[in-house]
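The first residue in the sequence is number 1, and the count goes up from there. Worth knowing before you read on, the calculation uses all heavy atoms, side chains too, and leaves out hydrogens, waters and symmetry mates. Note that the coordinates shown come from a computational prediction; the quantities given were computed from them, not determined experimentally.
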Amino acid sequence: MKKIKSENQILIMLAFFSVSMGLWENFRQLWLQDNNFSVTNISNIISIGTLVSVFGIMFVGKYIKLKSLKAFVTLSLIVKFLNLLILFNLKNTANIFLINFAIIVDILTGYIITTSIYPLITTIIKNNTIYSKRKLTEYLFKDIGVLVGGVLIGKNVLGVFVDYNFCLYISIIFLGLSIIFMMNMTAGKVDEYKEEKKFTIYKYILKNKIQYIYVIYSFVGAIAFSTALGLKMLTFTNYLNFTDSEATNYLLIIGLIADVIGILALRYFTPKNDYITITIKFGIRFIGYLIAFLSNNVVVTLVAITWSILISKGYENICDGYYINSVENKYQLEFTNFRYIIKYLGEAVGIFLCGIMYEIGLRYMFGLSAFFLIFQIGLAYYLIYLRTNCKKEGIKQNESRS
């Protein structure tokens, strides 16, 4: 039998890991609620876990060397596996402290593993194709995990009733499979000069006006999105009266359609004017959230949520692509880690605010999100203005030289 290439072994590991993540994360909020956690408790612990993950990613970027990355990811997978086993046995124990601690470890290890996959792949191979394969594998198999949960939840399988804890058990099995592939993967060789490179991304960003405005834009955008949709499953089941299975299947279908819209928008539906593109993506979302806040109507709110998810993966080439691709190659890995840090920090703030607004009323989640969207849209317009001027100045300089 032909030996599987190391990069494909990582992708197979990522596939099993993503199924595990998709299955468990989809029901994690409901699992906590089933264990007598209030919505405020749930939002607080998830936001704390996300905030802790920010420091975890910073630690990895600063202290974990590329030559040690395979061992570190393997260890992180094992820790996550053991931690989920502990969570599985904590159901209905009323041990709030241990559950809180285990959830934080779960979130931390999940984010660290996710952000470490591509740097690990680059020790073996580095090109645009493998990067696309990595993203596609994560998105596709997370959706498969969600699908597995949606199909099984609430049913009897071989005489066993599938509840949230049983879904956690299945998630543990897939995570175990990812560990097996990870342990058998052969790590690539790392050149010594890569290990000696200093972490200079902060100075690089601060010297580049477009990049530090983009970082602020990303942070505000993460807050805006998570303030409205940080507790999706709880919102669908408690406020919109979906069953857990209906909510899972609805979000899965909308997510898959969003993938298709993202592809079609990139190929066929992107206006030549970038300001119009930003207005389509965020302006319509803002109007939907504002109407949902003012009307306090469940149907309008569902439409606003649906549009937000449908457009979430569209127009990334305009909203993010330019700023990411403009970063010099030697800063790409550091910049990627820094983007994750900013994103997760924004998510932590957004989920915390989402929990507060959830207790006040559904409309206030979307009202506060609309408030942050005003700043996000303003920053997006300003970034387009800055990069347009940069292009014009570059053209003028080239003309003067010629």
Side-chain angles (χ1 to χ4, degrees), residues 11-35 37 42 45-46 49-50 53 73 76-91 99 102-114 117 134-158 160-182 229-237 242-256 258-259 309 351:
L11 292 177
I12 294 171
M13 179 279 291
L14 177 61
F16 284 123
F17 174 75
S18 297
V19 172
S20 174
M21 289 282 284
L23 177 58
W24 166 232
E25 287 186 351
N26 185 62
F27 292 117
R28 184 167 57 196
Q29 296 171 13
L30 297 179
W31 185 92
L32 287 168
Q33 184 175 247
D34 213 31
N35 282 270
F37 277 66
I42 294 170
I45 195 61
I46 292 176
T50 307
S53 300
V73 172
S76 299
L77 284 165
I78 293 171
V79 170
K80 187 174 180 65
F81 178 85
L82 296 174
N83 184 67
L84 289 185
L85 280 175
I86 293 171
L87 265 175
F88 177 77
N89 289 286
L90 284 174
K91 181 187 177 183
I99 292 176
I103 290 294
I104 290 173
V105 173
D106 176 46
I107 296 171
L108 171 64
T109 51
Y111 280 143
I112 284 178
I113 294 166
T114 299
I117 294 298
R134 176 254 179 274
K135 297 299 290 184
L136 179 60
T137 300
E138 180 185 352
Y139 292 149
L140 176 61
F141 284 91
K142 267 194 175 183
D143 285 340
I144 290 174
V146 174
L147 176 62
V148 170
V151 170
L152 295 180
I153 194 71
K155 294 182 175 62
N156 283 289
V157 179
L158 300 177
V160 179
F161 180 73
V162 180
D163 59 4
Y164 306 135
N165 217 45
F166 191 78
C167 286
L168 173 55
Y169 179 73
I170 300 173
S171 174
I172 293 170
I173 293 175
F174 278 103
L175 187 60
L177 293 172
S178 72
I179 293 173
I180 293 172
F181 274 91
M182 190 70 214
L229 300 177
L231 300 172
K232 289 196 296 289
M233 285 297 288
L234 291 173
T235 300
F236 271 81
T237 55
F242 281 62
T243 66
D244 47 13
S245 180
E246 289 170 346
T248 298
N249 293 332
Y250 184 83
L251 290 171
L252 174 64
I253 292 169
I254 296 301
L256 292 173
D259 291 331
I309 297 173
I351 293 171

Enquirer: Rounded to the nearest 0.5 Å, what's the gap from CG on Leu85 to CG on Leu90? Could you check?
Expert: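 Answer for the CG-CG pair, Leu85 versus Leu90, is 11.0 Å.
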Enquirer: Rounded to the nearest 0.5 Å, what separation is found between the NZ atom of Lys142 and the OG1 atom of Thr114?
Expert: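 Separation between the atoms: 5.5 Å.
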Enquirer: Rounded at 0.5 Å granularity, tell me how far CG in Leu87 sits from CG in Asn35.
Expert: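 Here the interatomic distance stands at 9.0 Å.
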Enquirer: Evaluate the side-chain proximity of Thr109 to Asn83: yes if any heavy-atom separation is below 4.5 Å, no if none is.
Expert: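 Not touching, per the 4.5 Å side-chain cut-off.
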Enquirer: I'd like to check Lys232 versus Ile309 (side-chain heavy atoms, cut-off strictly below 4.5 Å). Are they in contact?
Expert: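 SC-SC contact between Lys232 and Ile309 confirmed.
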Enquirer: Of all heavy-atom pairs between Phe161 and Phe166, which one has the smallest distance, and what is that distance?
Expert: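 That would be O-CB, 4.2 Å.
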Enquirer: Below 4.5 Å, heavy atoms only, C-beta onward: do Met21 and Ile113 meet side chain to side chain?
Expert: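 The answer is no; the side chains never approach within 4.5 Å.
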Enquirer: Which distance, rounded to the nearest 0.5 Å, do you find between the CZ of Phe37 and the CD of Gln29?
Expert: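 One gets 13.0 Å once the value is rounded to the nearest 0.5 Å.
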Enquirer: Can you name the closest pair of heavy atoms from Asp143 and Leu252 and give their distance?
Expert: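 Distance-wise, the nearest heavy atoms are O-CD1, 3.4 Å.
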Enquirer: Could you check Leu152 against Ile170 for side-chain contact (heavy atoms from CB on, under 4.5 Å), going step by step and ending with a plain yes or no?
Expert: CA-CA 11 Å; Leu152 295 180; Ile170 300 173; 3.7 Å; yes
Enquirer: Are Thr237 and Thr243 packed together at the side-chain level, in the sense that at least one heavy-atom pair is separated by less than 4.5 angstrom?
Expert: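 No, too far: nothing below the 4.5 Å cut-off.
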Enquirer: At their closest point, which heavy atom of Ser76 faces which heavy atom of Ile112, and how far apart are they?
Expert: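 Scanning both residues, the minimum pair turns out to be OG-CG2, 4.1 Å.
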Enquirer: Would you indicate whether the side-chain heavy atoms of Met233 and Thr248 approach each other to under 4.5 Å?
Expert: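 Sidechains of Met233 and Thr248: in contact.
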Enquirer: Which heavy atom of Ile45 sits nearest to which heavy atom of Ile107, and what is that distance?
Expert: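 Heavy atoms of Ile45 and Ile107 come nearest at O-CD1, 4.2 Å.
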Enquirer: Of Trp24, Trp31, Phe27, which meets ring pair (Phe, Tyr, Trp, His ring centres under 6.0 Å) against Tyr164?
Expert: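 Exactly one candidate clears the test, Phe27.
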Enquirer: Has Asp106 got a side-chain atom pairing as donor or acceptor with Ala102's backbone, closer than 3.5 angstrom?
Expert: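 Judged by distance alone, no pair lies under 3.5 Å.
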Enquirer: So do Met182 and Phe17 actually touch side chain to side chain, heavy atoms under 4.5 Å?
Expert: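 No, too far: nothing below the 4.5 Å cut-off.
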Enquirer: Write down the atom of Ser53, the atom of Gly49, and the distance for their closest heavy-atom approach.
Expert: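 In this case the closest contact between Ser53 and Gly49 is OG-O, 2.8 Å.
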Enquirer: Run the side-chain contact (heavy atoms from CB on, under 4.5 Å) check on Leu77 and Met13 step by step: do they pass?
Expert: CA-CA 10 Å; Leu77 284 165; Met13 179 279 291; 4.1 Å; yes
Enquirer: Which distance, rounded to the nearest 0.5 Å, do you find between the CG of Leu32 and the CD1 of Ile103?
Expert: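 Rounded to the nearest 0.5 Å, the CG-CD1 separation comes out at 4.5 Å.
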Enquirer: Quick check for you: to the nearest 0.5 Å, what is the distance between Ile153 atom CD1 and Cys167 atom SG?
Expert: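 The distance works out to 4.0 Å.
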Enquirer: Identify all side-chain donor-acceptor contacts of residues 171-180 below 3.5 Å with residues at least two apart in sequence or on another chain.
Expert:
unit_1 : atom_1 : unit_2 : atom_2 : d
Ser171 : OG     : Ser20  : O      : 2.9
Ser171 : OG     : Ser20  : OG     : 2.7
Ser178 : OG     : Leu175 : O      : 2.5

Enquirer: Between Phe88 and Tyr169, how do the two ring planes meet: parallel, tilted or perpendicular, split at 30° and 60°?
Expert: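 Answer is tilted, since the angle falls between 30° and 60°.
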Enquirer: Should Leu23 and Val146 be marked as a side-chain contact (heavy atoms from CB on, under 4.5 Å) after you check the CA-CA gap, both sets of side-chain angles, and the distance that decides it?
Expert: CA-CA 5 Å; Leu23 177 58; Val146 174; over 6 Å; no
Enquirer: Answer whether the closest heavy-atom distance between the side chains of Ile117 and Glu138 falls below 4.5 Å.
Expert: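 Side-chain contact under 4.5 Å: no.
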